[in-house]
Amino acid sequence: MEEKEISQAVISRLPRYFRYLGELKDTGKERISSQELSGIMKVTASQIRQDLNNFSKFGQQGYGYNVEFLYTEIGKILGLHKKHHLVLIGAGNLGQAIANYMNFEKRGFIISGIFDIDQDLIGKKVRDIPVRSMEELESFVKEHNIDIGVLTIPKDAAVEAAKRLVSCGIHGIWNFAHVDLNVPEDVLVENVHLSDSLMKLSYNINRYGESKSGRSGKQ
Ligand code: NAI
């Protein structure tokens, strides 16, 4: 497939296409028009065509998109055709919730190891994965071909843990700690802050409330 620079905005929409197409594929749907997909995804048909046109010609005039093909190709673009091996650092509330979520594995994200400093947690299992001492981190990462580190620890601890992960050749960090990590250019960091999403919701609720009261003339 033709390779060109794709904007991060388009990339950030691909997982959603991938999810919907996966569901359509599971129902046996073979092809879909941008119009039909637009109705399901609540995105305009022109946005869909514009997004998918970034990847050579996925669709055909008068035919639409082949669901299975599009699903597979978007999966490849997202790197989901390869397995990723993860270590999760911090087996507290958030870490355990992530480790217990099975769907990541269906997408090829395998949590191979869980680490913590709490002696009461070390040796316990989260979904059959033992919690290990941080002393084992470097040797485990190297031996198990780990490419992603997940940080579910307090922010001060996250800075140090990220340094250790980088020193053993990790490629990506999925960072839940509320801190911006300084890492070399070849290490990719994806920050996830649930509260950012909640604040966005709050903004939209406020804005909607204001526009409604504006329309009705109420204060
Ligand atoms: P928690 O206190 O339940 O778990 C934290 C775990 O990290 C504990 O098991 C602790 O022993 C371990 N830990 C502390 N220092 C460590 C170190 N140096 N190395 C390895 N393990 C270490 O806290 P919770 O609720 O699971 O939250 C974890 C972190 O994630 C917090 O910093 C919190 O602010 C953040 N968080 C972020 C969210 C987001 O959306 N980004 C949402 C919820 C929490």
Side-chain angles (χ1 to χ4, degrees), residues 1-86 98 101-111 147-151 170-176 180-181 183-208 210-211:
M1 197 192 312
E2 182 186 311
E3 289 276 340
K4 62 175 180 176
E5 192 67 35
I6 311 295
S7 79
Q8 284 296 315
V10 175
I11 301 292
S12 68
R13 287 194 285 271
L14 290 184
R16 194 154 176 266
Y17 287 116
F18 185 76
R19 246 186 312 116
Y20 274 95
L21 288 162
E23 284 169 17
L24 288 166
K25 184 175 75 70
D26 291 344
T27 65
K29 183 97 178 151
E30 285 177 13
R31 62 171 157 153
I32 191 159
S33 67
S34 51
Q35 207 61 48
E36 208 180 341
L37 196 53
S38 153
I40 299 169
M41 291 184 60
K42 312 280 182 262
V43 178
T44 64
S46 74
Q47 168 90 80
I48 291 173
R49 284 194 294 270
Q50 220 176 318
D51 283 350
L52 299 181
N53 276 345
N54 278 288
F55 309 99
S56 62
K57 280 277 170 222
F58 272 151
Q60 275 173 37
Q61 200 82 41
Y63 174 89
Y65 299 101
N66 178 304
V67 171
E68 172 123 36
F69 176 76
L70 192 54
Y71 172 81
T72 308
E73 292 303 312
I74 291 179
K76 282 187 201 161
I77 292 162
L78 291 171
L80 303 178
H81 55 306
K82 302 176 201 151
K83 281 208 175 1
H84 293 282
H85 295 273
L86 285 65
I98 290 174
Y101 184 59
M102 308 277 285
N103 266 1
F104 295 134
E105 266 160 37
K106 287 194 204 143
R107 300 273 184 251
F109 298 99
I110 317 293
I111 298 181
D147 57 348
I148 297 178
V150 185
L151 298 180
I170 209 107
H171 298 142
I173 297 180
W174 200 25
N175 176 38
F176 288 83
D180 291 321
L181 300 169
V183 294
E185 250 180 40
D186 59 347
V187 178
L188 288 315
V189 178
E190 184 65 32
N191 296 305
V192 184
H193 299 303
L194 300 179
S195 50
D196 289 6
S197 171
L198 208 47
M199 284 188 265
K200 197 170 145 204
L201 178 63
S202 158
Y203 167 80
N204 285 325
I205 289 172
N206 277 345
R207 204 179 57 159
Y208 180 73
E210 277 163 19
S211 70

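Small disclaimer: the values here were computed from a predicted structure and weren't measured. For the single chain, residues carry numbers from 1 onward in sequence order.
Side-chain contact between Leu151 and Leu181 is present, with heavy atoms from C-beta onward closer than 4.5 Å. Residues Phe176 and Ile98 have side chains in contact (heavy-atom distance under 4.5 Å, counting atoms from C-beta outward). Taking 4.5 Å as the limit, some side-chain heavy atom of Leu24 sits within range of a side-chain heavy atom of Ile40. Residues Ile6 and Leu14 are not in side-chain contact: their nearest non-hydrogen atoms beyond the backbone lie 4.5 Å or more apart.
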query: Stepwise, does the side-chain contact (heavy atoms from CB on, under 4.5 Å) test hold for Leu70 with Ile32?
result: CA-CA 10 Å; Leu70 192 54; Ile32 191 159; 5.7 Å; no
message: Apply salt bridge (charged side-chain N to carboxylate O under 4.0 Å, His left out) to residues Glu73 and Lys76 and explain how you reach the verdict.
response: CA-CA 5 Å; Glu73 292 303 312; Lys76 282 187 201 161; 3.2 Å; yes
field: Stepwise side-chain contact (heavy atoms from CB on, under 4.5 Å) check, Leu80 with Phe18
entry: CA-CA 10 Å; Leu80 303 178; Phe18 185 76; 3.5 Å; yes
message: With side-chain contact (heavy atoms from CB on, under 4.5 Å) as the criterion, how do Tyr71 and Asn66 come out once you've worked through the C-alpha distance, each side chain's angles and the decisive distance to 0.1 Å?
response: CA-CA 8 Å; Tyr71 172 81; Asn66 178 304; over 6 Å; no
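Pairs passing the side-chain hydrogen bond (donor to acceptor under 3.5 Å, both in side chains) check and including a residue from residues 15-27, sequence neighbours excluded, read Tyr17-Asp51. Among pairs with a residue in residues 28-46, those fulfilling salt bridge (Lys or Arg N to Asp or Glu O under 4.0 Å) read Lys29-Glu36, at least two apart in sequence or across chains. Among residue pairs with one or both ends in residues 21-42, none qualify as ring-ring contact (aromatic ring centres under 6.0 Å, His included); sequence neighbours excluded.
For Ala9 against Ser12, the heavy-atom pair with the smallest separation is O-OG, 2.7 Å. Heavy-atom minimum distance, Ser38 versus Val43: OG-O, 2.8 Å.
How far OG1 of Thr72 is from CD1 of Ile77: 11.0 Å, rounded to the nearest 0.5 Å. With rounding to the nearest 0.5 angstrom, the CG atom of Leu52 is 4.5 Å from the OH atom of Tyr65. One finds the CE atom of Met41 at 7.5 Å from the CG atom of Leu21 (value rounded to the nearest 0.5 Å).
Checking Lys82, His84, His171 one by one against Asp147, the side chain to side chain donor-acceptor pair (under 3.5 Å) holds for a single residue, His84.
For the salt bridge (charged side-chain N to carboxylate O under 4.0 Å, His left out) test, no residue two or more places apart in sequence or in another chain qualifies with Lys83. Residues forming a salt bridge (charged side-chain N to carboxylate O under 4.0 Å, His left out) with Glu68 (at least two apart in sequence, or on another chain): none.
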Please output the side-chain donor-acceptor pairs of residues 190-203 that fall under 3.5 Å, not counting sequence neighbours, one pair per line with the distance.
{"unit_1": "Asn191", "atom_1": "OD1", "unit_2": "Asn175", "atom_2": "ND2", "d": "2.8"}
{"unit_1": "His193", "atom_1": "ND1", "unit_2": "His178", "atom_2": "ND1", "d": "3.0"}

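Centroid-to-centroid, the aromatic rings of Phe104 and Trp174 come within less than 6.0 Å.
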